[in-house]
Amino acid sequence: MRVAVLGAGYAGLTLARKLEQTLPNSVSLVVVDEQTEHLVQHELHRVVRRPSLANEITVDLHEVLDCEIRQARVTDVDPDAGVATLDGAETLSYDVGAVCLGAQTAFYDLPGVRDHATPLKRLDDAREIRERFLELGDGDRVIVGGAGLSGVQVAGELAEMREDSDIEVLLLEQEDAVAPAFPASFQSAVHDALVDAGVTVRTGTGVAEANADAVTLGDGTDLSMDQFVWTGGIEGSPALDADRPVVRADLRLGESTFAVGDAARVVDSDGEAVPSSAAAAIREARVAADNIGTLVEQSQGSHGEFQPRLTQYQFNVPGWLVSVGDDAVAKVGPSVLTGRAALALKTTVGAGYLGTVGAVQNAVDLVSEELDLNDVEAEHE
Ligand SMILES: Cc1cc2nc3c(=O)[nH]c(=O)nc-3n(C[C@H](O)[C@H](O)[C@H](O)COP(=O)(O)OP(=O)(O)OC[C@H]3O[C@@H](n4cnc5c(N)ncnc54)[C@H](O)[C@@H]3O)c2cc1C
């Protein structure tokens, strides 16, 4: 019997590690990813300002997984048949599987945006954003389109990188608030942190199109720009025809297949839409691991003729955290923290995650680099 995990991001890696511990030895587990390294995407914006962080936020999959790892691009999935197509040619059949392929940047067919903007999804994007920004000078303007988690955080990094120059960092958001998918108290604290960092924030302002020198807004106004970063939204994996299918709280996408993380639009057991986030992907993966285990047991006859009861995912994260340059905003329960305490918390959460997926050295290095512990150690020597 074969269980397949397609994608080794937050959802896939968390799921695969759980399954390694829980599946019977008779079941073979295969993980497929187009990369050989897991990327800690929620720290990707940091690489724009501090390229050396790339080492801490990439984890060799062979170091943290014991199962079979296939490096291949998943080009199609048939969730009912339990078949994935790899690299457009080979088929991989599985008895139970999970689609954890994440999402890709959505350009919504806005004319010129794909051609003139840099997205922020992979390390190469972060490096390109950095290189282009370093070519700017006084009076230039960088526009960041979209103020979700990635847009807010990259705008904060760019604002810090200006040092004494008067480059404008302009963050545009078509909704009426930054971080639109999140609670109001978090939104207003993030807005204040952006303004304090020197970011110009315009909400209720959608991008309609772009050319090499300007972005045209929904109301027809042209805004000149010298660099354009696009963080305006996500769409599904090409393997799912760019769709993010809706899955209910049992995360079941088909007879033998689950969908976890950004790959799907998850509706939880309270009927609430779950915001796409690393925090949710990790927690969904734990539910998917339970449910995959249940289907494996069923196929081995443990549940007789009865349909087994699957675990339901309820969205419940302890809080939300973003960095805004050298500052950070943390919403923990009803409280909102900012400043060094929030930044330390963010680093600790990132390191905690790395520790959970077995990347302990990366965790130590991340904490040292983010909290400048190397400098502290050097000062004490
Ligand atoms: C700059 C930035 C900052 C963010 N900040 C936060 C934050 O502060 N907090 C938070 O909770 N979330 C944050 N997010 C969102 C978070 O990173 C995503 O929600 C999260 O990565 C989703 O996890 P996932 O496992 O579903 O997908 P991913 O982490 O994207 O993993 C998908 C995996 O599938 C692989 N893959 C993709 N397509 C294929 C294919 N066709 N074939 C084979 N393999 C494939 C990829 O290589 C990858 O390993 C941020 C995102 C960005 C970009």
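Worth knowing before you read on, the calculation uses all heavy atoms, side chains too, and leaves out hydrogens, waters and symmetry mates. All of these numbers come straight from a predicted model, not from anything done at the bench. Each ligand, and each atom within it, is numbered from 1 in the order the structure gives.
For the pair Ser150 and ligand 1, the shortest N or O to N or O distance does not fall below 3.5 Å. For a threshold of 3.5 Å applied to N or O pairs, the pair formed by Val74 and ligand 1 contains at least one separation below that value.
With respect to Tyr10, the side chain to side chain donor-acceptor pair (under 3.5 Å) criterion is satisfied by exactly one of Gln41, His42, His38, Glu284: His42.
By the criterion of a heavy-atom distance under 4.0 Å, neither the backbone nor the side chain of Glu43 is placed next to ligand 1. Using a 4.0 Å cut-off between heavy atoms, Leu39 makes no contact with ligand 1 at all. Both the backbone and the side chain of Ser277 come within contact range of ligand 1, each with a heavy atom under 4.0 Å. Under 4.0 angstrom from ligand 1, the non-hydrogen atoms of Lys346 all belong to its side chain. Contacts of Ala280 with ligand 1, taken as heavy-atom pairs under 4.0 Å, are absent altogether.
Using modelled atom types, one finds a donor on one side chain and an acceptor on the other under 3.5 Å when comparing Thr200 with Glu168.
Which of Ser237, Gly7, Cys100 comes nearest to atom 32 (C) of ligand 1 through a heavy atom is settled by distance: it is Cys100. Of the candidates Ala103, Gly102, Ala328, Gly9, the one placing a heavy atom closest to atom 27 (O) of ligand 1 is Gly102.
In the vicinity of Ala72, heavy-atom distances shorter than 4.0 Å reach the ligand 1 atoms 42 (N), 43 (C). In summary, the atoms of ligand 1 found under 4.0 Å from a heavy atom of Ala11, numbered by their order in the structure, are 25 (O). Less than 4.0 angstrom separates some heavy atom of Ala281 from each of these atoms of ligand 1: 23 (O).
Counting protein heavy atoms only, atom 49 (O) of ligand 1 is closest to Asp33 OD2, 2.6 Å.
By the 4.0 Å heavy-atom criterion, Leu13 is excluded from the residues contacting ligand 1.
Within the model, atoms CD of Gln227 and CE of Met225 stand 9.0 Å from one another, a figure rounded to the nearest 0.5 Å. The structure places CD of Glu56 at 5.0 Å from CG of Asp365, a figure rounded to the nearest 0.5 Å.
Side-chain N or O atoms of Glu43 include none that pairs as donor or acceptor with a backbone N or O of Gly350 at under 3.5 Å.
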